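Following: one structure in C-alpha cells, then a few remarks.
Start at 1 with the first residue, then count along the sequence. In this text the structure is predicted, and so the values were computed from the model without any measurement. Below, each value reflects all heavy atoms present in this structure, side chains not excepted, and no hydrogens, waters or symmetry copies.
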Amino acid sequence: MSSSSLDSMFDFLEPVNIAQLTQDEGFKDTQLGTHIAVYDQTFPDLEKADIVLVGCGEMRGAGIEYTSTDAPDAIRLAFYNLYHWHTAVTVADIGNVKCGATLQDSYAALRMVISELTAIGKKVVILGGSHDVTMAQYQSYVNENKIIDAVCVDARIDMDMESVLPADNFLVELFTGMPNHLKHYNHIGFQSYFMHPQMLETIDKFRFDCYRLGKVKEDISEMEPAIRNSHLFSFDIAAIQHAHAPANQLSPNGFNGEEACTLTQYAGMSHTCNTIGIYGYMPEKDVHQMTAKQIAHMLWYVMDGVNRGKQEASLANRNEFNEFTMAFAEVQTVFLQSKRTGRWWMQLHDGEFVACSHKDYLYAGKNEIPERWMRAVERL
C-alpha cells in the first residue's frame with residue numbers, strides 16, 4: 001500500500017488499545033488476538049491480509065447521540081478470544097474510523113477508508129454502528145464508478161418514509177439516488193409483520209429479490225448463490241432472534257445463531273463480495289456480552305468462508321468444472337459444477353455465468369425455467 005494512501009487513512013483512524021481491551025492479560029498463542037495484525041502502536045502491513053477489519057461506531061443515523069467506538073471494541077474483545085483455526089487466512093485490524101462532526105462526515109471518512117482498501121484487493125469487514133452506515137459502504141463503490149449487486153440481511157426493509165431517521169429509510173436513497181450504481185439487490189430474512197403489504201410490490205418493480213425469513217430457513221443453502229454474486233453484504237443484527245442476540249430488541253423471531261454464521265460464511269466464500277458490514281449492535285443493550293460473542297462467531301465464519309473460497313478454481317479453468325449443456329423452454333444454456341466445492345453456475349443468454357444452486361439445475365432438467373435464471377434475464 002502506498003505511503004500516500006496510508007497518510008490519508010491515518011487522518012480518519014484511531015488505533016485499538018489492546019491493553020485496555022484485555023486489561024493487560026494478553027492472549028494465548030492459539031487465540032486469534034495473537035495472530036491478528038492490529039493497529040495498536042504501529043500500522044499493520046496489509047500486503048498479505050485477506051481480511052481487513054475496521055470499526056465505525058456511528059449511531060446518529062438511529063437517532064442516538066453516540067459517537068464513541070464501544071460497539072466495535074466489544075466485538076473485537078470477543079473475536080480476539082476465539083481460537084485460531086484458519087492458518088491460511090490472514091486478518092488485519094486497522095482500528096476505528098473517527099466519528100465526524102456530522103453524520104455525513106462519518107460516512108465520508110468510512111467511504112474513503114473502504115475505497116483505499118478495496119482498491120488494493122482487500123475484503124473489508126466493517127464492525128458498524130447503525131444500519132444506515134451501509135450507505136458509506138455503498139458509496140465506496142460509487143467512488144470507483146462500479147456497478148454492484150448488494151445483499152442486506154434484516155428483519156425489516158428500511159424504507160419507512162414517515163421516519164426522519166436514516167437508519168429507517170436509507171434504502172430509498174440506495175435504490176433511487178443518482179447516479180445509481182446498484183445493478184441488483186437481494187433482501188434476506190424479512191419478517192412480514194414488520195412490512196407494509198405494498199412494499200414488496202414496490203421493490204419488485206425494480207426487479208429486486210426479497211426472501212421471507214420462513215422461506216430462507218426452509219433451505220438456507222439457496223441463499224449462497226445470491227450472496228456469491230454480490231459485492232456488498234450488509235447484516236443488521238435485528239435479523240437474529242433475541243434469544244441468540246439479546247441486543248436485538250426488535251423481535252423474538254429471526255435467524256438463530258448458527259444460521260447467521262452460515263450467511264456470513266457465504267459472504268466470506270464469495271470472490272466478488274469485498275465489503276461486509278455488521279450493524280445495529282449496542283453494548284448497553286446486550287446481556288452477558290452474548291450479542292458481541294454472536295457477532296464474533298459470525299466473523300470467525302467469515303474467515304472460514306475465505307478459507308473455503310481459496311479452494312475454488314477460476315471459471316476460466318474449465319478443466320476444474322463439470323459442464324452440462326441444457327435445454328429448457330426452447331432455451332439452450334450451460335451449467336457448470338465445481339469439481340472442488342460442488343457449487344454451481346449457469347450461463348445467461350449474454351454469455352455471462354452467474355451463481356446458481358443445484359435446484360436450478362434440476363429445474364432445468366425438468367424443462368422448467370429456473371426462477372433465478374428468469375429473474376437474471378429480466379434484469380438484463
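- Side-chain polar atoms of Y141 and N274 form a donor-acceptor pair below 3.5 angstrom.
- K122 places a side-chain N or O within 3.5 Å of a backbone atom of A49 that can act as its donor or acceptor partner.
- K359 has a carboxylate O that lies under 4.0 Å from a charged side-chain N of D219, or vice versa, which qualifies the two as a salt bridge.
- Stacking of R228 on the aromatic ring of W345 is recorded, both the 6.0 Å distance cut-off and the 45° axial limit being met.
- Salt-bridge formation is not detected for the pair D149/K183: no Lys NZ or Arg NE/NH1/NH2 atom is positioned less than 4.0 Å from an Asp or Glu carboxylate oxygen.
- M303 CE to H35 NE2: the interatomic distance, rounded to the nearest 0.5 Å, is 9.5 Å.
- Side-chain contact between V151 and L232 is absent, with no heavy atoms from C-beta onward closer than 4.5 Å.
- With hydrogens and angles left out, the side-chain atoms of Y80 and D93 include a donor and acceptor closer than 3.5 Å.
- Side chain to side chain, D29 and T34 fail the donor-acceptor criterion of an N or O pair below 3.5 Å.
- A donor-acceptor pair under 3.5 Å is absent between the side-chain atoms of R111 and the main chain of S106, judged by distance alone.
- Of the inter-residue distances, the one linking N169 atom CG with I157 atom CD1 reads 14.0 Å to the nearest 0.5 angstrom.
- For F328 and W373, the distance between ring centers is under 6.0 angstrom.
- A salt bridge links R372 with E222: the closest approach of a Lys/Arg side-chain nitrogen to an acidic carboxylate oxygen falls below 4.0 angstrom.
- F79 places a side-chain heavy atom less than 4.5 Å from the side chain of L53.
- Using the six-membered ring where Trp is involved, H358 and Y361 have ring planes that are parallel, under 30° apart on the 30 and 60° scheme.
- Checked against the 6.0 Å centroid threshold, F206 and F175 count as a close aromatic pair.
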**Message:** Please evaluate residues K310 and E312 with respect to the criterion salt bridge (Lys or Arg N to Asp or Glu O under 4.0 Å), reporting the C-alpha separation (whole Å), side-chain torsions for both, the decisive distance (0.1 Å), and the verdict.
**Reply:** CA-CA 6 Å; K310 288 187 173 191; E312 189 63 88; over 6 Å; no
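- Contact detail for S140 and I114: the closest heavy-atom pair is OG-CG2, 3.4 Å.
- In this structure, the side chains of E224 and R343 come closer than 4.5 Å at one or more pairs of heavy atoms.
- The side-chain heavy atoms of D132 and Y107, taken from C-beta on, include a pair separated by under 4.5 Å.
- Checked for salt-bridge contact, D11 and K98 miss the test: no charged N lies under 4.0 Å from a carboxylate O.
- Looking only at distances, no side-chain donor or acceptor of K217 sits under 3.5 Å from a matching main-chain atom of F255.
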**Item:** Stepwise side-chain hydrogen bond (donor to acceptor under 3.5 Å, both in side chains) test for N248 and Y281
**Value:** CA-CA 8 Å; N248 163 29; Y281 173 55; over 6 Å; no
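- When only modelled atom types and interatomic distance are considered, N96 and R76 share a side-chain donor-acceptor pair under 3.5 Å.
- Exactly one residue among V125, V97, L127 makes a side chain to side chain contact (heavy atoms under 4.5 Å, CB included) with V54. That residue is V97.
- At least one side-chain heavy atom of Y138 sits less than 4.5 Å from a side-chain heavy atom of H181.
- Taking a cutoff of 4.0 Å between a charged side-chain nitrogen and a carboxylate oxygen, R318 and E320 do not qualify as a salt bridge.
- A salt bridge links R375 with D204: at least one charged nitrogen is closer than 4.0 Å to a carboxylate oxygen.
- T341 has its side chain out of reach of R308: every pair of non-hydrogen atoms, C-beta onward, lies at least 4.5 Å apart.
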**Message:** Could you walk me through whether D360 and S357 satisfy the side-chain hydrogen bond (donor to acceptor under 3.5 Å, both in side chains) test, starting with their C-alpha distance in whole Å, then the side-chain angles of each, then the deciding distance to 0.1 Å, before giving a yes or no?
**Reply:** CA-CA 5 Å; D360 295 316; S357 68; 3.2 Å; yes
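- Looking only at side-chain heavy atoms (C-beta outward), I94 and L46 come within less than 4.5 Å of each other.
- Inspection of the Q265 and D304 side chains reveals an N or O donor paired with an N or O acceptor under 3.5 Å.
- In terms of modelled atom types and a separation under 3.5 Å, the side chain of K48 and the main chain of V91 share no donor-acceptor contact.
- With 3.5 Å as the limit, one finds no donor-acceptor pair spanning the side chains of N317 and S314.
- Remark: the Q137 side chain and the S234 side chain contain no N/O donor-acceptor pair separated by less than 3.5 Å.
- Ring geometry for H131 against Y279 counts as tilted: the plane angle lies between 30° and 60°, on a 0 to 90° scale.
- Residues N229 and H184 form no side-chain contact, since every pair of their non-hydrogen atoms from C-beta on lies 4.5 Å or further apart.
- To the nearest 0.5 Å, the span separating CZ on F235 from OG1 on T134 amounts to 12.0 Å.
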